[in-house]
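Below is one structure, written out as structure tokens, with a few remarks after it.
Values in this document were obtained by computation on a predicted structure and should not be read as measured data. The chains referred to below are lettered A, B, ... by the order of the sequence lines, with proteins before strands, and numbering in each begins at 1.
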Amino acid sequence: MQLFDKIRTEIVNATKRQFGSSIEPGSIPVGPTKKEFEGDMTVVIFPLVKLLRKSPVEIGHLFGEHLQKHVAAIESFNVVQGFINLTLTETFWKQFLKDNVHNDQFGRAPKNGEKVMIEFSSPNTNKPLHLGHIRNILLGWSCSKILECVGYEVVKVQVINDRGIAICKSMLAWQRYGNGETPESSGKKGDHLVGEYYVKFEKVFVEEYEAWQKGEAAGALFDERKDKSQSRDDFFKAYKNKYFNEYSALGEAAREMLIKWENNDEEVKSLWSTMNGWVYSGFDATYDRLGVNFDKLYYESDTWKLGKDEVLEGVRKNVFFKKEDGSIWVDLSTLGMDEKILLRADGTSVYMTQDIGTAMSRYRDYGIDHMVYVVADEQNYHFKVLFQILELLEEPYAEGLYHLAYGMVDLPSGKMKSREGTVVDADDLIDDVIAEAKKVASERGDLEGLTEAEKDEIFRRIGMAALKYFILKVNPQKRMTFDPEASVDMQGTTGPYIQNAYVRIRSIGRKLEGAIGDPADYEGIADSEKTLLLQLFLYPEVVKKAAADYDPSGIANYLYDLAKNYHRFYHDLPILNADDGAKSFRITLNQLVANVLTHGMDLLGIEMPDRM
RNA sequence: GGUCCUAUAGCUCAACUGGAUAGAGCAGCUGCCUUCUAAGCAGCAGGUUUCAGGUUCGAGUCCUGAUGGGAUCACCA
């Protein structure tokens, strides 16, 4: 913020003039004053004590006087220990309010000419979206809004994992047990329908596996096992994948289907596109309800062969090396990582190969400066390796790569496990929060005179606000506990609490009659007004920091504080019934608060209702 | 076992990246609707920031170690 910079610059000037020492402006902490102390802004001068060899209080007074003289906005100051607390003039605050109430660029930064691509969601097409995807999607969406707000050109993309053994499992189960069921014939949402067949496959497979465990071959294997202390259950639990790949008839059928797919078998491909089509229409419906969209979709079926040529090129450049069996590797052991395979001996690629190729083609297509991958933190190592490889290959955008790693979402009962059926489905969750919003709003809301459609829209906005805010208020990198009961809460630190502050402002707006005067005519700004002004003043900084950290939670917490301070102001002071000067000032303040609340919530992907 | 992440009130989360007396919400207990929406406001209670050392004017934050929890260490994606 300009004022912060100005204060820092003057501290630097004073240090130079009075002590002949030069210091970095960035080394001086300046921030809002804690509310127990008198003042608006605080400068911490402890860092200068050693250099200047004077007591903190002496320096404080010296610099306080200097600041007062050279910064017009400063009315007075006091010194406590090593802190200079500055009080700003009422003129400054009134000007701030007038300057920004109609400034639609407040909180935004001009275009910076840089382009960032952000990848998020990235579902598999064998089952519907769940709570984990929701955290991913909300983070990705919010970050893209925030980055755009601070001046980046943003390209939102998702990778759709539409091929591989998983989708073959759903297809096989549908073929065998589906009796031609379609979303139309059953009335089921496409992604849910396909997901049901995936579950069906797993169920039949487990039955097959359990029957096999009772047979002679399995008994012999168990007797030969290396770790004699292992129980029978543990042994077969660990053996499951191997059984799938080596003994299972079902597994073999699924693998055959995958091979047919890779060989472009007409029947398999046709079933594949039909079933994926069902899934896509299901996903689209969910994305729509979440209010998100993408600029570009990458289908793995198109990109899975990418990267081979680049890896071979890397061998020629001696960045990678070839082993005796013909497989290609990268050695990262000098960087504290392991060797990593990039191409199998038979020339087929692995996950990493594809990611290398995809990154390069994205750069070719879009000329991006930055690339953000929103992917769960279980893949931290993968991205560390990927970024290192791209750096070794001297890719021009290598410095601009960022893995936005977020923690897993747990339930109060523990980890979500698809095998145990404890996964929270995205659509169910959305239904629940909207139903709860409807219930609460019907009891407590003030929605008289609205049509059913208007009411439904309000219920939707409130419910979605509860859900989105609940997830986004938590720092992304932290693992979070998702309590379904708490997520539909509408009191306290919640989305609806913030919406309520806005709704109160709107309600006053509807009741306001006639034009208001100049807010600058008001004298004697009250504490609860000053608190709001100070906080509004900090908004652009909050957005900037959120962008720098790729972290929407800072904005979420800021908005809660702002709403809280507004509720207090609303409670303490009359607005419509105030004297003319106070009324003009408070109405204007109302407007700026409403603007910032709306703008900030929009950065979180949350819409405001006019009434609730 | 190696590497990385994490530990703050009964529960869920904050703490301006080293600054002042660690803050909110939920749950519990008290008050406040004939004044602009009570989805609100005010108050009470709740803490040796997992533990042990260290660095300095100053540590929840940085360093070392221990302990608990998690992730990862596939020619799966």
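- A/I462 comes within 4.0 angstrom of a nucleotide base, judged by non-hydrogen atoms across all strands.
- For the OP1/OP2 pair of B/rG40 and a distance below 4.0 Å, the side-chain nitrogens and oxygens of A/K564 include no atom meeting the criterion.
- The glycosidic torsion of B/rU17 lies within 90° of 0, which places this base in the syn conformation.
- The phosphate of B/rA14 (OP1 or OP2) has no side-chain N or O of A/K473 nearer than 4.0 angstrom.
- At least one side-chain nitrogen or oxygen of A/K511 sits closer than 4.0 Å to the OP1 or OP2 atom of B/rU37.
- A donor N or O paired with an acceptor N or O is found under 3.5 Å between the base of B/rA20 and the side-chain atoms of A/N85.
- When only modelled atom types and interatomic distance are considered, A/N276 and A/T125 share a side-chain donor-acceptor pair under 3.5 Å.
- If you check every strand for non-hydrogen atoms under 4.0 Å, A/A501 touches nothing.
- Judged by ring centres under 5.5 Å apart and planes tilted less than 30 degrees, A/F83 fails to stack against the six-membered base ring of B/rG19.
- The residue A/K384 sits apart from the nucleic acid: no heavy atom pair falls under 4.0 Å.
- Remark: A/R568 is in phosphate contact with B/rA42, judged by side-chain N or O atoms under 4.0 Å from OP1 or OP2.
- Of the side-chain N and O atoms in A/Y497, one or more sit less than 4.0 angstrom from OP1 or OP2 of B/rC41.
- At the phosphate of B/rC5, neither OP1 nor OP2 sits under 4.0 Å from any side-chain N or O atom of A/Q477.
- Put simply, A/R444 has no side-chain N or O that comes within less than 4.0 Å of OP1 or OP2 on B/rG40.
- Here A/F46 does not pack flat against the base of B/rG58, since the 5.5 angstrom centre distance and 30 degree tilt limits are not both met.
- Residue A/Y560 is classed as a sugar-phosphate contact, given heavy-atom separations below 4.0 Å to backbone atoms only.
- For the pair A/R461 and B/rA39, the criterion of a side-chain N or O lying under 4.0 Å from OP1 or OP2 is not met.
- Contacts of A/Q81 with the nucleic acid, taken as non-hydrogen atoms under 4.0 Å apart, are absent.
- Considering only side-chain N and O atoms, A/K478 lies nowhere under 4.0 angstrom from the phosphate OP1 or OP2 of B/rU12.
- Contact annotation for A/L472: no contact, since no heavy-atom pair falls under 4.0 Å across all strands.
- No engagement by A/D410 is indicated, since no non-hydrogen atom pair under 4.0 Å with the nucleic acid exists.
- Between A/T493 and B/rG25 there is no side-chain polar atom (N or O) within less than 4.0 angstrom of OP1 or OP2.
- Looking at A/N245, its side chain has no donor and acceptor atom pair within 3.5 Å of the base of B/rC76.
- For A/K583 and B/rC36, the shortest distance from a side-chain N or O to OP1 or OP2 is not below 4.0 Å.
- Residue contacts shown for A/T42 include a base, since a base heavy atom lies under 4.0 Å away.
- Side-chain atoms of A/Y351 and A/Q379 include a donor-acceptor pair closer than 3.5 Å.
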